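Working notes for the structure below.
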Amino acid sequence: MTVLLIDDDHEVLDASRQTLELEGFAVEATTRPEDALDRLGPSWPGVVVTDVRMPGMDGFALLERVRAADPEVPVVLVTGHGDIAMAMRAVRGGAYDFIEKPAEPGHLVEVVRRALEHRRLVLENRSLRAQLAGGGSLEARIIGRSTAIERLRAAVAGLADAEVDVLLFGETGTGKELIARSLHDAGRRRAGNFVALNCGALPDTIIESELFGHEPGAFTGAQGRRIGKLEHADGGTLFLDEIESMPMHLQVKLLRVLQERVIERVGGNRPIPLDLRVVAATKVDLLRLAGEGRFREDLYYRLNVVTVPLPPLRERREDVPLLLRHFLDAAAARSRRPAPPVDAAALARLAAHGWPGNVRELRNVAERMALGLGDGLAGGPVSGAGGGGIEPLAEQMDRIEKRLVEDALARCGGRVGETADKLGITRKTLYLKMRHHGLQRGDFTEE
């Protein structure tokens, strides 16, 4: 990120440049506004700090040219006392902020820091939107850049055309139906129906009819023939969510379907051959349920030809900004309002959250944010509310640091020396941080 300083007064220009460089900013300084225009564009990573009164092109004219190149490049105007009213009008017209001459060093640094952070978020959001819009079909649907999601996308791509039934295993809210639909849409059965049934959402009295259909008169109220979910999925994919909730007597019938690909409607005797793929999903250990007598062991082994684990969101926190941007854009489009910006403080709070509801919880957070309800977390600040529910900054940063150290150690295979090098700290500093966060030294190697 770059600060572009423009002032026709060499002494003022040098003083401002030194002030910012001492704070670690990268600075380009010039006395000619025209020199700045060649650098500007939608991808330029920086902000403009310009004097207002200059010969030739003044600060207001430069502001118009900058906004024509990219209206989201922050422009900070440096004004004399008599120019403050004009500067305030310029801010209302699109300038980011103004600073009164002579610029107080601390105030100059703070304004520039805020402007750079604003620009960084703008560019990051544009990059995220470009990835969402420009990725391939799986990249656009199974969103994320983490290793876990890349592994999941690869599994879906490899299994899409495979004629095998699949068992999806993941916590509530990890996107099991999305993965099932992706398997269907990316495979050769995409022209057939994708039929979803939540086994836990239907009472035992009707789930058999929902699955197998029925003939007229099969039971009281069955006045006509009804095609069941299995038959409707012929040529396509049947998704059985919460398979652990299926009644035991239906598990026997489902096992026969999986083995023979034949059904009989309730009240009927004619066998009906099927050509379908079954994708089942569960959030519990089916083998443990089988050991407890609550799930058929033979059905478990029939379903368990290929098991695809879905990672919880807490194990891929680096995907939170990308997912948040996707859900914010979708929510904003539905409500026909612009997507709200997300500042660094909100992103830090979201990154530190535990996400017990996984991606579904994040989607709900985005919905609340799109409505202007703060960062959207339960118990967090909302528009017009006070700061209740906000943890002290030190506690938030402490938790984030622990997660980063744990992640770095894991990526380096537990090698302390390599981890310290990657983090850019000494081994002693890393050991102190490990002790502070309760990470046992004996669990890792010295390399």
Side-chain angles (χ1 to χ4, degrees), residues 155-156 159-172 176-177 179-184 187-189 192-215 218-219 222 225-310:
V156 171
L159 290 170
D161 281 331
E163 288 298 311
V164 294
D165 297 329
V166 176
L167 178 64
L168 305 178
F169 177 74
E171 297 176 8
T172 298
K176 294 186 283 292
E177 183 168 350
I179 300 304
R181 285 185 179 274
S182 298
L183 283 166
H184 173 80
R188 61 173 61 97
R189 293 182 175 273
N193 292 326
F194 176 86
V195 181
L197 177 69
N198 188 319
C199 301
L202 295 175
D204 294 356
T205 53
I206 66 171
I207 189 172
E208 183 173 6
S209 176
E210 284 289 319
L211 268 176
F212 294 90
H214 61 253
E215 296 289 354
F219 49 84
R225 173 178 294 169
R226 188 179 191 283
I227 301 299
K229 300 290 188 183
L230 282 160
E231 197 171 347
H232 188 52
D234 188 29
T237 301
L238 175 68
F239 173 56
L240 297 174
D241 198 7
E242 297 189 28
I243 188 70
E244 70 275 7
S245 302
M246 179 173 286
M248 293 291 284
H249 72 280
L250 284 185
Q251 294 181 28
V252 178
K253 294 189 174 184
L254 178 61
L255 178 62
R256 178 171 178 256
V257 172
L258 295 178
Q259 291 173 337
E260 302 178 13
R261 289 316 200 249
V262 172
I263 67 164
E264 293 177 2
R265 299 190 191 106
V266 177
N269 296 312
R270 182 174 66 88
I272 302 170
L274 297 179
D275 172 26
L276 82 167
R277 181 190 212 179
V278 175
V279 178
T282 181
K283 60 180 180 293
V284 300
D285 184 346
L286 293 182
L287 189 58
R288 177 180 59 80
L289 288 187
E292 297 171 355
R294 294 191 289 153
F295 196 84
R296 290 189 62 91
E297 189 173 4
D298 48 3
L299 178 57
Y300 165 74
Y301 285 114
R302 186 62 184 82
L303 289 170
N304 195 35
V305 178
V306 176
T307 297
V308 178
L310 276 62

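Sequential numbering from 1 along the given sequence is applied to the chain's residues. It should be emphasised that the depicted structure is a prediction, and the values quoted were computed from it without experimental measurement.
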Salt-bridged, E163 to R188, with N to O below 4.0 Å? yes

Restricting to non-hydrogen atoms, name the atom on V262 and the atom on P271 that form the minimum distance, rounded to 0.1 Å. CG1-CB, 3.6 Å

Per-pair distances, 0.1 Å, donor-acceptor, side chain in residues 236-249, under 3.5 Å, sequence neighbours excluded:
{"residue": "T237", "atom": "OG1", "partner": "H184", "partner atom": "ND1", "Å": "2.8"}
{"residue": "E244", "atom": "OE1", "partner": "T282", "partner atom": "OG1", "Å": "2.9"}
{"residue": "E244", "atom": "OE2", "partner": "K283", "partner atom": "NZ", "Å": "3.2"}

Check L258 against L303 and note the closest heavy-atom contact, atom names and distance. CD1-CD2, 3.7 Å

L197 and L202, any side-chain heavy atoms less than 4.5 Å apart: yes

Drop me the distance from F295's CZ to L287's CG, to the nearest 0.5 angstrom. 10.5 Å

Using 4.0 Å as the upper bound for N to carboxylate O, is an ion pair formed by D165 and R261? yes

Quick check: closest heavy atoms across V279 and A180, and the distance to 0.1 Å? CG1-CB, 3.9 Å

Heavy atoms of other groups near E260 CD, more than 12 under 6.0 Å: yes

State, to 0.1 Å, how close F212 and L254 come at their nearest heavy-atom pair, and which atoms those are. CZ-N, 4.5 Å

Out of the candidates K253, R226, K229, only one should pair with E208 under the salt bridge (charged side-chain N to carboxylate O under 4.0 Å, His left out) rule; please name it. K253

Do you know the tightest heavy-atom contact between D285 and F169? N-CE1, 4.1 Å

